[in-house]
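What follows is a single structure, written as structure tokens, with notes after it.
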Number of protein chains: 2
Amino acid sequence: MTNTDDSALRPTRQRRAVVAALQECGEFRSAQEIHEVLRAAGDNVGLSTVYRALQALADAGQVDMLRSEAGEAVYRHCSDSHHHHLVCRTCGRTVEVEGPAVETWTRAVADEHGFTDVSHTLEIFGTCASC
Amino acid sequence: MTNTDDSALRPTRQRRAVVAALQECGEFRSAQEIHEVLRAAGDNVGLSTVYRALQALADAGQVDMLRSEAGEAVYRHCSDSHHHHLVCRTCGRTVEVEGPAVETWTRAVADEHGFTDVSHTLEIFGTCASC
DNA sequence: ATCGGAATGAGAATCATTGTCAAGTCGAGC
DNA sequence: GCTCGACTTGACAATGATTCTCATTCCGAT
């Protein structure tokens with residue numbers, strides 16, 4: 001809608017660093033954690049910048065954002081297609097899962113009650129085999 | 001499990017007030033909002049107390065807690081059975097919905113990947129007919 | 001190389017939530 | 001009805017994530 005597509009995200013050193021960190025890590029990480037990682041790696045990136053980069057990436061759909069059970073925003077580099085997450089609440093290991101039936105169901109339920117412009121959030125938390 | 005059931009929640013004036021406010025309201029409200037409502041009604045209840053009461057009620061399963069899109073914890077008095085919510089993002093109207101298939105599916109997916117001690121969150125947001 | 005606008009960063013500011021601890025309240029037993 | 005100890009409360013400080021501010025810096029088209 002409001003996405004003019006010429007949103008023009010300038011590929012700066014800092015943004016590249018954030019993207020790289022997310023790709024290397026593979027799990028959901030908070031802005032603060034990413035900031036730590038970058039700092040540890042010698043990349044000096046301001047905390048505000050990390051927050052801004054992550055939000056921009058999330059808005060652009062290049063990363064997934066969800067809230068941990070503690071309520072913090074955590075980010076992860078994911079595949080493009082719509083999917084949900086099965087997350088280990090101990091080690092953070094994440095499995096992308098798809099549930100066509102769930103998508104269908106949510107839409108049906110929303111229709112049934114006259115709701116339009118529907119979106120949904122679904123996350124599964126658990127303890128993985130190795131934890 | 002850890003629930004000894006003799007959890008003994010003393011029914012104090014403040015806790016009663018919080019419960020009453022939730023029941024009257026019927027929609028998801030934040031701790032701060034409940035605090036406002038009580039204060040406006042002349043019931044003087046400390047903010048900390050409201051937070052504690054809501055957490056206790058949520059733990060006891062007497063109210064549902066979820067995070068608004070802004071990330072704040074919001075509470076609502078709900079039926080006992082496990083269910084999810086279809087929430088109007090304009091007026092806040094809430095419909096409780098049940099999806100046995102979803103429950104089954106989440107458990108199956110978790111099992112399949114060796115996850116145990118599984119929980120899940122599922123909320124549907126949309127615009128209701130009158131909005 | 002230059003210019004304008006976008007991006008950065010250090011720190012302050014905000015805001016929900018939690019912790020602290022002395023004072024108040026409940027209710028079982030006398 | 002009165003007492004005592006345990007549970008609760010509340011005013012305020014403390015925490016911690018996130019956002020804001022704004023002067024400085026960087027990007028990239030000209």
Side-chain angles (χ1 to χ4, degrees), chain A residues 2-22 27-60 62-76 89 92, chain B residues 3-22 28-60 62-76:
Chain A
T2 54
N3 207 332
T4 29
D5 199 273
D6 57 350
S7 39
L9 269 207
R10 208 140 82 184
T12 63
R13 174 183 69 83
Q14 291 87 344
R15 285 210 250 260
R16 265 191 266 257
V18 169
V19 171
L22 279 172
E27 304 303 349
F28 279 101
R29 295 286 178 233
S30 69
Q32 312 257 358
E33 286 171 331
I34 296 292
H35 181 239
E36 277 305 309
V37 169
L38 293 177
R39 173 143 298 187
D43 267 317
N44 243 51
V45 180
L47 181 56
S48 309
T49 302
V50 173
Y51 272 102
R52 279 184 295 235
L54 288 172
Q55 284 172 347
L57 288 167
D59 283 351
Q62 290 175 42
V63 302
D64 277 8
M65 185 268 264
L66 62 84
R67 292 198 175 266
S68 71
E69 286 186 328
E72 307 171 292
V74 288
Y75 303 81
R76 177 174 183 271
R89 66 166 71 83
Chain B
N3 207 330
T4 28
D5 201 275
D6 57 350
S7 38
L9 268 207
R10 208 141 79 185
T12 63
R13 175 183 69 81
Q14 291 87 343
R15 286 210 250 258
R16 265 192 266 256
V18 169
V19 171
L22 280 171
F28 280 101
R29 296 285 179 234
S30 70
Q32 310 258 356
E33 286 172 332
I34 296 292
H35 181 239
E36 278 303 309
V37 169
L38 293 178
R39 174 143 296 186
D43 266 316
N44 244 52
V45 179
L47 181 55
S48 307
T49 302
V50 173
Y51 272 101
R52 280 184 294 236
L54 288 172
Q55 284 172 348
L57 288 167
D59 283 351
Q62 291 175 42
V63 302
D64 277 8
M65 185 267 263
L66 62 84
R67 289 194 179 270
S68 71
E69 288 184 330
E72 308 171 291
V74 288
Y75 302 81
R76 178 174 183 270

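Worth knowing before you read on, the calculation uses all heavy atoms, side chains too, and leaves out hydrogens, waters and symmetry mates.
At whole-Å resolution of the value, CG in B/Leu38 and P in D/dG10 are 10 Å apart. Separating the CD1 atom of B/Ile34 from the P atom of C/dT17 is a distance of 12 Å, rounded to the nearest angstrom. One can place CD of B/Gln32 at 15 Å from P of C/dT14, the figure rounded to the nearest angstrom. Here the P atom of nucleotide D/dT18 and the CZ atom of B/Arg67 are 11 Å apart, to the nearest Å. B/Arg29 places its CZ atom 17 Å from the C1' atom of C/dA16, with the value rounded to the nearest Å. A/Glu72 has its CD atom 12 Å from the P atom of C/dT18, to the nearest Å. Between the CG atom of B/Leu54 and the P atom of D/dG10 there is a distance of 13 Å, rounded to whole Å.
Of the side-chain N and O atoms in B/Tyr51, none sit less than 4.0 angstrom from OP1 or OP2 of C/dT18. Phosphate proximity of C/dG9 to A/Gln14: present, with a side-chain N or O under 4.0 Å from OP1 or OP2.
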Contact letters for nucleotides 25-30 of chain D, in which S counts primed atoms plus P, OP1 and OP2 and B counts the base, heavy atoms under 4.0 Å: -BBS--
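Between B/Ala58 and B/Met65, the closest heavy-atom pair is CB-CB, 4.3 Å. Of all the heavy atoms in A/Ala70 and B/Arg67, the pair that sits closest is O-NH2, 3.7 Å.
Of the candidate nucleotides C/dA7, D/dT19, D/dG10, C/dA7 has the atom lying nearest to any side-chain atom of A/Arg15. When distances are taken from the side chain of A/Gln55 to each of D/dT9, D/dT18, D/dT19, the shortest belongs to D/dT19.
Annotation: side chain of B/Asn44 is not in contact with side chain of B/Leu38 (no heavy-atom distance under 4.5 Å). Taking 4.5 Å as the limit, every side-chain heavy atom of A/Thr49 sits out of range of all side-chain heavy atoms of A/Val18. A 4.5 Å side-chain heavy-atom check between B/Val74 and B/Arg29 finds every atom pair outside the cut-off.
A/Arg13 is linked by a salt bridge (charged side-chain N to carboxylate O under 4.0 Å, His left out) to A/Asp43, counting only residues two or more places apart in sequence or in another chain.
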Which pairs, protein N/O on one side and nucleotides 11-13 of chain D N/O on the other, fall under 3.5 Å?
| residue | atom | partner | partner atom | Å |
| --- | --- | --- | --- | --- |
| D/dA11 | N6 | B/Ser48 | OG | 3.2 |
| D/dC12 | N4 | B/Ser48 | OG | 3.1 |

A/Gln62/A/Tyr75 under side chain to side chain donor-acceptor pair (under 3.5 Å): CA gap, chis, key distance, verdict: CA-CA 10 Å; A/Gln62 290 175 42; A/Tyr75 303 81; over 6 Å; no
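Here B/Glu33 lies out of heavy-atom contact (under 4.0 Å) with every strand.
Proximity of a side-chain donor or acceptor of A/Arg15 to a complementary backbone N or O of A/Arg10 within less than 3.5 Å is detected.
Using a cutoff of 4.0 Å between basic side-chain nitrogens and carboxylate oxygens, A/Glu69 and A/Arg89 are scored as salt-bridged.
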